[in-house]
Amino acid sequence: MSSTSKASERTRQSRALTVGPPFRIGLLGRGTVGSAFHALLEQRADAIAVEAGRRPEISGVLTRSQGDFDDILERSDAIVEVMGGIEPTLGYAMRALQSGKHFVTANKQLLSQHGEELYAAAAQSGAQLGFEAAVAGVVPAIRVMRESLAAAHIERVHGIVNGTTNFILTAMARTGASYDDALREAQQLGFAEADPTEDVTGKDAAAKMAILARLAFGAQVGLADVPYEGIEHVTADDIAYARDLGLSLKLIGTAERIDGGIAVGVYPAFLYGGHPLAPVSGSFNAVTIESPAITEITLSGPGAGGSQTASAVLGDVVAAMSPPAVQAPPAVELPIVKDVESAFYLYVEVADRPLVLSKVAEILGMQGVSIKSVVQRGAGDDARLVMVMHPVLESKFRAAVDLIERLDLVRSKPRAIRVIEEVFE
Ligand SMILES: NC(=O)c1ccc[n+]([C@@H]2O[C@H](COP(=O)([O-])OP(=O)(O)OC[C@H]3O[C@@H](n4cnc5c(N)ncnc54)[C@H](OP(=O)(O)O)[C@@H]3O)[C@@H](O)[C@H]2O)c1
């Protein structure tokens, strides 16, 4: 052994000798994440003890058929909540925090619907509230925003925060499969639930974006403030046509400062190849954070899975073992902006008649929408216009699309999808 490694071995041994009382963890839920957390804790407990000075251990487990919450709370320094749902979880969370016990959770619905109550209870008692695992799986977006970027003025956050939808859209782009076939493949491979509603409608991503927006802007944002659209109506044609225009489709969560307020939303959006989220494929998640001081950083990694989520949960537990606590400051009030400027892709099935393009263009022009690129596909009964617009207020664009839909030479409901024009190259 070299003299350097002997010295570090001595340091480790002497630290091990000063290990304090066990750090007791009450575990609520022992399903996919809870079991993985328990197993990971057993593997890592000695190493954590050396670093943190206390050995973490499970003091009690609550499931539907086992354990008593009051008893577990009494015997714990921290509560790890991986059972999900709002009730009885919220009551357990509040009681833990109010009694000064750290609370670590993977529950995005709890945070996005009751975050302010939880933040306030944690601030009052000085306990830590950890929720890294609630957003983007193992991607450490929360810690980077709370700590590394604490001094940066964050202007915008874009995220691919739902692995199921990213898997489906990637499969559609790769094979030309329909939405239904790609969803079936995702279910067979375990990337989508038997009931995929929360994922494919964008609701799961909306909850995560509410949590990210609260942190990015220090403003009160809850799930109810986040409009969301899903991917159920995306067609393989949309993806194929857009690819010809250099675009790829993702379900994107956006949180940004606009005109003294903030806008948060989730929708399918096309990205140009130079956007850092464009190459994120399969079930991976990624978050891009933009600030004048740093330009942008992008973090990516697996979006879910028992062991990945357990790793994020354990990271929060270790942080709770080593005060000082990082507390979210009280929220400020910023207006929520609903009508936001964006570029758009528009797909219209039209009758193959003279002047059809000029009629559509005239309506767009009347609403102040200008066309960036247009291609006509097919002919006769199969004629289609595929267009990309320059950025315009969404209300004006939607008004134009309503008028276009009413033209007798339009054969079906037009499809509109946002386009994110930014690239970082
Ligand atoms: N799975 C993932 O990849 C993942 C990723 C990120 C975040 N999360 C989040 O992590 C949490 C747990 O997910 P999971 O996939 O591990 O769920 P799961 O496999 O369904 O496990 C849930 C566990 O919680 C227990 N539980 C549920 N309701 C309870 C109640 N009212 N009282 C006592 N125990 C109760 C269940 O008890 P029984 O065993 O008795 O049924 C089970 O042990 C959720 O908030 C989820 O959104 C999961």
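Ligands are counted one by one from 1 in listed order, and the atoms in each one are counted from 1 as well.
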Got a second to check how far Ile252's CD1 is from Phe270's CZ, nearest 0.5 Å?
11.5 Å
By salt bridge (charged side-chain N to carboxylate O under 4.0 Å, His left out), Glu421 pairs with (sequence neighbours left out) Lys372
Does the plane of the ring in Phe69 sit parallel, tilted or perpendicular to the ring in Tyr92? Use 30° and 60° as the thresholds.
parallel
Sorted by chain and residue number, the side-chain hydrogen bond (donor to acceptor under 3.5 Å, both in side chains) partners of Thr235 (sequence neighbours excluded) come out as Asp238, Arg415
Side-chain donor-acceptor contact under 3.5 Å, Asp195 with Thr197:
yes
For residues 160-215, which residue pairs pass the ring pair (Phe, Tyr, Trp, His ring centres under 6.0 Å) check, not counting sequence neighbours?
Phe167-Phe191
Heavy-atom cut-off of under 4.0 Å around ligand 1: list whichever protein residues fall inside it, by chain and number.
Gly29, Arg30, Gly31, Thr32, Val33, Thr63, Arg64, Ser65, Val82, Met83, Gly84, Pro88, Ala106, Asn107, Lys108, Ala133, Ala304, Gly305, Thr309
